[in-house]
> 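Sharing a structure below in structure tokens format, with a few things to ask.
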Amino acid sequence: MFFDKRSLQSNLECFLECTTPVVQSQFLHKSEIRDLNVLWHPWEREKVEYFTLGDLWNCYDEWSAYGAGVPILLNNNETLVQYYVPYLSAIQIFTSNSARNSFREETESGDCETRDSFSDSCSDESESEKLCRWDGCSSEEGGLEQESLWPRSDRLGCLYFQYFERLAPYGRVPLMDKINGLAQRYPGLMSLRSVDLSPASWMAVAWYPIYHIPMGRTIKDLSTCFLTYHTLSSSFQDMDVDDDMDGNEKKKRKEGEGISLPPFGLATYKMQGHVWVSSKSGRDQERLMSLLSVADSWLKQLRVQHHDFNYFTGIRRG
């Protein structure tokens, strides 16, 4: 069953499909639709579909334990399944002030236990600084941008949580384990809904190869690592529904099968040979360049220094 679509997909397309979470969805009660932030949800709807972050992480549960299987077609027409384990690379969750205040007690109590892991999830800032301090600049750099603060804050929302991993891959724990640990002190990581999040909310997942089946061979091209970027807000989901002529078909499919969160950005590390870039057409190379460019633009717009992205793309910073 793994190889049913192989004649239609390249290895890159197959990886992106196999590592895209499809999240169980729910429908917002009609009385809550009118309370949505109009800056984040400007489209009028009779139905609004959303997911909880807890349901999103459930998609990574089995992948974190056993790896996500990606069928690969080699140049000699040999097939195998390569397994990748997901790790939380970075995440920023921006929400409304009211939603953030629901979890204020938990996020402000005690010292941040992940400080040694380069987490920037909490700080000693005053309440006013916390509410609207984020102008996209990593606080590891000590940045608080004051220019055009309030208009930008209205668009971004209030920062509820952020995390940037800096440990070497062998020192990390799989995504589900990391989230479970962080959620003990930040319960919104489980209970917040996609409709509560601003369009600036995002996460990056690092995928590292562990083994392939059948085993017994060392294939250098399969040592490639991937970094996928995903939006967390329903704002982009709403845009997808109306942006083309197939909107109704897309919406019907999502209602029945959950909400798909394909990566909007991608970076790779140790990509060599032709396993991942098909020579039959230029679409794989074009897609790689496009996804890399979008990821780079996204980070620049938020003024974020993402350690894994810099490492994957060869950017070295002192």
Side-chain angles (χ1 to χ4, degrees), residues 2-22 68-82 84 86 89-90 199-200 202-209 212 219-233 235-247 249-250 253-254 259-302 304-316:
F2 260 135
F3 298 94
D4 288 346
K5 300 180 180 180
R6 286 327 318 262
S7 60
L8 303 176
Q9 289 182 309
S10 68
N11 290 330
L12 176 64
E13 291 170 333
C14 198
F15 170 84
L16 295 175
E17 178 181 316
C18 290
T19 58
T20 291
V22 180
V70 179
I72 303 295
L73 179 63
L74 301 178
N75 293 332
N76 59 1
N77 289 326
E78 180 183 355
T79 58
L80 54 80
V81 179
Q82 176 71 51
Y84 292 84
S89 175
W202 63 284
M203 71 170 178
V205 179
W207 299 86
Y208 294 103
H212 56 263
I219 303 175
K220 188 176 182 180
D221 293 344
L222 296 183
S223 63
T224 302
C225 306
F226 296 88
L227 189 61
T228 59
Y229 289 79
H230 308 262
T231 59
L232 300 176
S233 171
S235 300
F236 293 102
Q237 167 200 331
D238 291 342
M239 290 175 64
D240 288 340
V241 172
D242 281 344
D243 273 353
D244 53 61
M245 297 298 291
D246 297 327
E249 179 182 346
K250 284 187 177 183
R253 182 169 63 254
K254 289 179 180 178
I259 299 174
S260 177
L261 298 179
F264 70 83
L266 177 74
T268 63
Y269 181 66
K270 293 184 178 179
M271 178 172 282
Q272 301 173 349
H274 302 286
V275 169
W276 296 108
V277 179
S278 174
S279 59
K280 296 181 180 179
S281 68
R283 66 181 183 182
D284 282 341
Q285 187 63 41
E286 291 176 1
R287 191 169 190 183
L288 281 171
M289 296 304 296
S290 175
L291 289 171
L292 178 63
S293 176
V294 172
D296 184 48
S297 296
W298 178 269
L299 296 174
K300 287 178 178 176
Q301 286 184 51
L302 288 178
V304 168
Q305 290 299 330
H306 182 197
H307 177 268
D308 280 351
F309 180 83
N310 292 341
Y311 188 85
F312 274 43
T313 57
I315 301 175
R316 300 292 180 261

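When a residue number appears, it is its place in the shown sequence, counting from 1. Any value given below was found using the heavy atoms of this structure, including those in side chains, with hydrogens, waters and symmetry copies removed.
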> Which heavy-atom pair separates His306 from Ser89 by the least distance, and what is that distance?
NE2-OG, 2.7 Å
> Can you find a heavy atom in the side chain of Leu16 that is under 4.5 Å from one in the side chain of Pro263?
yes
> Within the distance-only criterion (no hydrogens, no angle test), does the side chain of Thr268 pair as donor or acceptor with the backbone N or O of Phe226 below 3.5 angstrom?
no
> At their closest point, which heavy atom of Cys18 faces which heavy atom of Pro71, and how far apart are they?
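In this case the closest contact between Cys18 and Pro71 is SG-CD, 3.7 Å.
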> Please name the pair of heavy atoms, one in Gln305 and one in Asn310, separated by the smallest distance, quoted to 0.1 Å.
OE1-ND2, 3.2 Å
> State whether the side chain of Asn75 and the backbone N or O of Val275 hold a donor-acceptor pair below 3.5 Å, judged by distance alone.
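Judged by distance alone, no pair lies under 3.5 Å.
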> To the closest 0.5 Å, what do you measure between SG (Cys14) and CH2 (Trp276)?
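Here the interatomic distance stands at 8.0 Å.
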> Run the side chain to side chain contact (heavy atoms under 4.5 Å, CB included) check on Val277 and Met271 step by step: do they pass?
CA-CA 9 Å; Val277 179; Met271 178 172 282; 4.2 Å; yes
> Drop me the distance from Leu74's CG to Thr79's OG1, to the nearest 0.5 angstrom.
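Leu74 CG to Thr79 OG1: 8.0 Å, rounded to 0.5 Å.
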> Are Tyr229 and Trp298 near enough that their ring centres are under 6.0 Å apart?
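Centroid distance Tyr229-Trp298: not below 6.0 Å, so no.
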> Write down the atom of Trp207, the atom of Ala68, and the distance for their closest heavy-atom approach.
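Of all heavy-atom pairs spanning Trp207 and Ala68, the closest is CZ3-CB, 3.9 Å.
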> Examine distances only and state if a side-chain atom of Ser293 and a backbone atom of Met289 form a donor-acceptor pair shorter than 3.5 Å.
no
> Given the rule in the side chain to side chain contact (heavy atoms under 4.5 Å, CB included) test, do Val304 and Trp202 qualify, once you have shown the distances and angles that lead to the verdict?
CA-CA 12 Å; Val304 168; Trp202 63 284; 4.3 Å; yes
> Give, for atom CG of Leu261 and atom NE2 of His230, the distance between the pair rounded to the nearest 0.5 Å.
7.5 Å
> Looking only at heavy atoms, which two atoms of Ala295 and Gly265 are closest? And how far apart?
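Taking Ala295 first and Gly265 second, the nearest heavy atoms are CB-CA, 4.0 Å.
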> For the residue pair Leu222 and His212, establish whether any side-chain heavy-atom pair is separated by less than 4.5 Å.
yes
> Might you point out which heavy atoms bring Tyr84 and Val70 nearest each other, and give the distance in Å?
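Minimum heavy-atom separation between Tyr84 and Val70: CD1-CG2, 4.0 Å.
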> Drop me the distance from His274's NE2 to Asn11's CG, to the nearest 0.5 angstrom.
13.0 Å
> What's the spacing between Leu291 CG and Leu227 CG if we round to 0.5 Å?
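Reported value, rounded in 0.5 Å steps: 11.5 Å.
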> Would you check if the side chain of Thr313 reaches a backbone N or O of Phe309 as a donor-acceptor pair within less than 3.5 Å?
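Here the side-chain-to-backbone pair exists.
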> Return the CG to CD distance between Leu73 and Gln9, rounded to the nearest 0.5 Å.
11.5 Å
